[in-house]
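Chain identifiers are assigned alphabetically (A, B, ...) following the order of the sequence lines, protein sequences preceding nucleic acid strands; residue numbering begins at 1 within each chain.
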Amino acid sequence: AQTVTQSQPEMSVQEAETVTLSCTYDTSESDYYLFWYKQPPSRQMILVIRQEAYKQQNATENRFSVNFQKAAKSFSLKISDSQLGDAAMYFCALGGISGGGADGLTFGKGTHLIIQP
Amino acid sequence: EAGVAQSPRYKIIEKRQSVAFWCNPISGHATLYWYQQILGQGPKLLIQFQNNGVVDDSQLPKDRFSAERLKGVDSTLKIQPAKLEDSAVYLCASSLVRSSYEQYFGPGTRLTVT
């Protein structure tokens, strides 16, 4: 069974500063995808960033970047220059590669990110 | 491009009543997912469809939950009879092909069972 663990229920950061959200996971697969999703109060899940496990290079999307450590099964999200609009729940998720079994995502419990002005 | 549509957005029912949720995926998306998100937790996959066939329903409580996608487009998730612990947000997602790579989520239905 796949598991995803987010050990920080809540994080707080000053606007314009940098914050890192932690995630660890477990899977028996050698190839998989890892994701960070953002869920604002509207409940809409929004994809922030995605990492293919077979790629050694860490993914980046503007102010968002990840630190992917495959051997340690660690996948942290760094948000630089935090903005008020970044305030939300952030979920780490694990998904399988297509062509195999089911493709549903396994989510962690989430981290509530607070941005202080 | 229109996103994933879900209705209703909110529903309040009493325990032992029945309820149904509707999802319309993005046009052309063959794969459809239903997730249950209990307050304070991440979403949990209930069922995955590929066109009108079920790929995975291993976490669906089949004694009370059912889902269908008869024509391979819209889907309905039903709970009968509802229990207090079914209070949650029910999220529908779709993807073009069978892959976790790019799933698009709807706004969800918040169910409260009293």
Run Thr106(A) and Tyr25(A) through side-chain hydrogen bond (donor to acceptor under 3.5 Å, both in side chains) and show every step you take.
CA-CA 10 Å; Thr106(A) 300; Tyr25(A) 63 93; over 6 Å; no
Under 4.5 Å from any heavy atom of chain A - which part of [X]:
X: Gln103(B); result: both
X: Ile47(B); result: neither
X: Tyr101(B); result: both
X: Gln37(B); result: side chain

Trace of the side chain to side chain contact (heavy atoms under 4.5 Å, CB included) decision for Met11(A) with Tyr90(A)
CA-CA 10 Å; Met11(A) 292 284 286; Tyr90(A) 284 80; over 6 Å; no
Could you tell me if Arg43(A) sits above the aromatic ring of Tyr10(B), with its cationic atom closer than 6.0 Å to the ring centre and no more than 45 degrees from the axis?
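Ring-cation test returns yes.
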Top of Ser42(A), Gly95(A), Gly110(A), Pro9(A) for chain B proximity - count of heavy-atom pairs under 4.5 angstrom
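Maximum pair count with chain B is reached by Gly95(A).
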Heavy atoms under 4.5 Å from chain B: which residues of residues 61-86 of chain A carry them?
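Within residues 61-86 of chain A, no residue comes under 4.5 Å of chain B, counting heavy atoms only.
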Does Tyr35(B) reach the main-chain N or O of Gly104(A) with its side chain, forming a donor-acceptor pair under 3.5 Å?
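Judged by distance alone, no pair lies under 3.5 Å.
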Residue of the set Lys11(B), Arg110(B), Arg64(B), Arg16(B) for which salt bridge (Lys or Arg N to Asp or Glu O under 4.0 Å) holds with Asp86(B):
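Exactly one option meets the salt bridge (Lys or Arg N to Asp or Glu O under 4.0 Å) with Asp86(B), and it is Arg64(B).
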Answer with side chain, backbone, both or neither: which region of Tyr32(A) has an atom nearer than 4.5 Å to a non-hydrogen atom of chain B?
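For Tyr32(A), no heavy atom lies under 4.5 Å from chain B.
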Side chain, backbone, both or neither: which part of Gln39(A) has a non-hydrogen atom closer than 4.5 Å to chain B?
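Interface part for Gln39(A): side chain.
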What closest approach, in Å, do His29(B) and Ser94(B) show between heavy atoms, and which atom pair accounts for it?
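Heavy atoms of His29(B) and Ser94(B) come nearest at ND1-OG, 2.8 Å.
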Same cluster (ILVMFWY, side-chain, under 4.5 Å), Val48(A) and Leu94(A):
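Linked, Val48(A) and Leu94(A) end up in one cluster.
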Quick check: are there more than 12 heavy atoms from other residues, nucleotides or ligands sitting under 6.0 Å from CG of Leu84(B)?
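Yes, the 6.0 Å shell around CG holds more than 12 heavy atoms from other groups.
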Between Phe65(B) and Tyr90(B), how do the two ring planes meet: parallel, tilted or perpendicular, split at 30° and 60°?
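Phe65(B) and Tyr90(B): tilted rings.
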